[in-house]
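Quick one: the structure is below, questions incoming.
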Amino acid sequence: MQEQFEVLKRHGYQYSVVENKEVSIPIVYRKKYKFSYLTLFDEIEVLTISKTREFSIETFAQDSLYLSQRLKMKVLLIFDELSEVDIKRLISSNIPYISNHSISLPFLGAVIEKIKKPKVLREFFTINHQKVLIYILLNQEPSIRAKEIQKSLNMPIASVYRSLKYFTDLGYIKSNHGSYAYQESRKKIYEDSKYCFVSPILNKISVPRKLISYFEEEGIDYFESGIDALSMYSMLASQKQEFGVALETLLSFVDKAADNNMKNIKESHEFLYIKKIVALPNIKDNDSIFIKEDEVILEIWEYVPKYKEEVKLDPINLLLLIDKDNEDPRVQAAIIDLEKHLYSLWDY
């Protein structure tokens, strides 16, 4: 890395190497990267990261963003050479880096134009990664098989294998003669990854309560969500006020009605309402909702959550949604029960 550090000096950035600094970096990252610590201008501490083996620039960027958030430190990616395309991607994504011939230090104002990060670089897990990892964590068998994941999650087999390779590269699992074995315990995998999940909710809206009854009548898979879903894992009573449904479930229902020319369904008020829902734009952070007496909250999900073969919220997805700062002691007790349930799955 010394050659890249000299690039800093040539461009007028004073630095010094910090010796013997103790930082808790997860073991899976210590296997993938080399780390060092710099102080810029005698006051800005930076964690530098370089690869020990070849893998995609997306993975490198995702891992660096996660470590930055986890360690609450600025990070700096170290490269030997970069193509013009990769330089443009990193700069436009505000990813700090140095290579033999170029520098981008947005936290020092080295990047003037700030452009929103592409999704693939902004999020640690893609939705497919998340679905597969939750399956891996909740799986009760000693091994993992791609075709079983494909069947359970209704995912293309190629997407399943890409996700399995991703978690193999992280050191969570390993290929084992046609199946995959756990390289780390499920508990350790969860502890290492729990801050990296992304919200599966595309939108949150208020709908007439009778729409939920319509879902029931037509066999549309939906589930209790939010605080109501805590009732499955605790003594907290459900108020039947918050529900979830996957966008793909609604789209499938609309397509089925169209393909089979179900005139009685297509002309119903509820069907037209569902068509409006699937056409809504995605507003992931829509938490300010006012509901009337005859309305409920409906979350539109990016995937179908399944737990023990049923369409209902598993403890991992549910922990993503619950506001842990809720001061209601009943909710706090229910969250403790939920976490106990999750960890009990790995007590063997």
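Just so we're clear, the structure is a prediction, and the values are computed from it rather than from any experiment.
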Looking at side-chain heavy atoms only, is the closest gap between Ile300 and Val278 below 4.5 Å?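 In short, these two side chains do not touch, never coming nearer than 4.5 Å.
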With sequence neighbours left out, write down each residue that passes ring-ring contact (aromatic ring centres under 6.0 Å, His included) with Tyr182, or none if nothing qualifies. none
Under-4.0 Å salt bridge between Glu58 and Arg89: yes
For Gln150 and Arg145, which I'm curious about, is there any donor-acceptor pair between the side chains at under 3.5 Å?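 Short answer, no.
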Note: Glu302 and Glu248 closest approach over all heavy atoms is O-OE1, 4.0 Å
Would you indicate whether Ile27, at its atom CD1, is surrounded by more than 12 heavy atoms from other residues, nucleotides or ligands within a distance under 6.0 Å? no
Are the side chains of Asp221 and Val304 in touch, meaning some heavy atoms are under 4.5 Å apart?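 SC-SC contact between Asp221 and Val304 ruled out.
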So Asn317 and Phe197, do their side chains get closer than 4.5 Å, heavy atoms only? no
Lys74 bridged to Glu45 by N-O distance under 4.0 Å: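 Answer for the salt bridge query: no.
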Centre-to-centre under 6.0 Å for Tyr29 and Tyr66, is that the case here? yes
Please tell me if the side chains of Met232 and Tyr307 come closer than 4.5 Å, counting only heavy atoms from C-beta onward. no
Which label fits Phe223 and Trp301: parallel for a plane angle under 30°, tilted from 30 to 60°, or perpendicular past 60°?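 Taking Trp301 first and then Phe223, their aromatic rings stand perpendicular (interplane angle over 60°).
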Show your reasoning for whether salt bridge (Lys or Arg N to Asp or Glu O under 4.0 Å) applies to Glu224 and Lys240. CA-CA 7 Å; Glu224 287 190 83; Lys240 305 293 183 183; 3.2 Å; yes
Looking at Lys32, is its backbone amide N or carbonyl O close enough to the side chain of Thr52 to form a donor-acceptor pair, meaning the two atoms are under 3.5 Å apart? yes
More than 12 heavy atoms of other residues, nucleotides or ligands under 6.0 Å from CG of Asn176: is that the case?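 Counting neighbours around CG of Asn176, more than 12 heavy atoms of other residues, nucleotides or ligands fall under 6.0 Å, so yes.
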Determine whether Tyr33 and Ile25 make a side-chain contact, defined as any pair of heavy atoms from C-beta on separated by less than 4.5 Å.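 They are not in contact (no side-chain heavy atoms under 4.5 Å apart), so the answer is no.
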Let me see the working for Ile277 and Val245 under side chain to side chain contact (heavy atoms under 4.5 Å, CB included), right down to the final yes or no. CA-CA 11 Å; Ile277 291 174; Val245 65; over 6 Å; no
Exactly one of Tyr135, Tyr166, Tyr172, Tyr303 should register a ring-ring contact (aromatic ring centres under 6.0 Å, His included) with His129. Which one does?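 Option passing the ring-ring contact (aromatic ring centres under 6.0 Å, His included) with His129: Tyr166.
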Neighbour count >12 (heavy atoms, 6.0 Å) for atom NZ, Lys210: no
Within the 6.0 Å centroid threshold, strictly below: Tyr180 and Phe167: no
Can you confirm whether Tyr190 sits close enough to Leu342 that some side-chain heavy atom of one is under 4.5 Å from a side-chain heavy atom of the other? yes
Between Phe215 and Tyr222, how do the two ring planes meet: parallel, tilted or perpendicular, split at 30° and 60°? tilted
For a 4.5 angstrom cut-off between non-hydrogen side-chain atoms, does Leu272 reach Lys276? no
May I ask you to test the Asp228-Gln241 pair for a side-chain heavy-atom distance under 4.5 Å? yes
Phe79 vs Phe60, test: ring-ring contact (aromatic ring centres under 6.0 Å, His included). Steps then yes/no. CA-CA 11 Å; Phe79 296 93; Phe60 196 8; 5.2 Å; yes
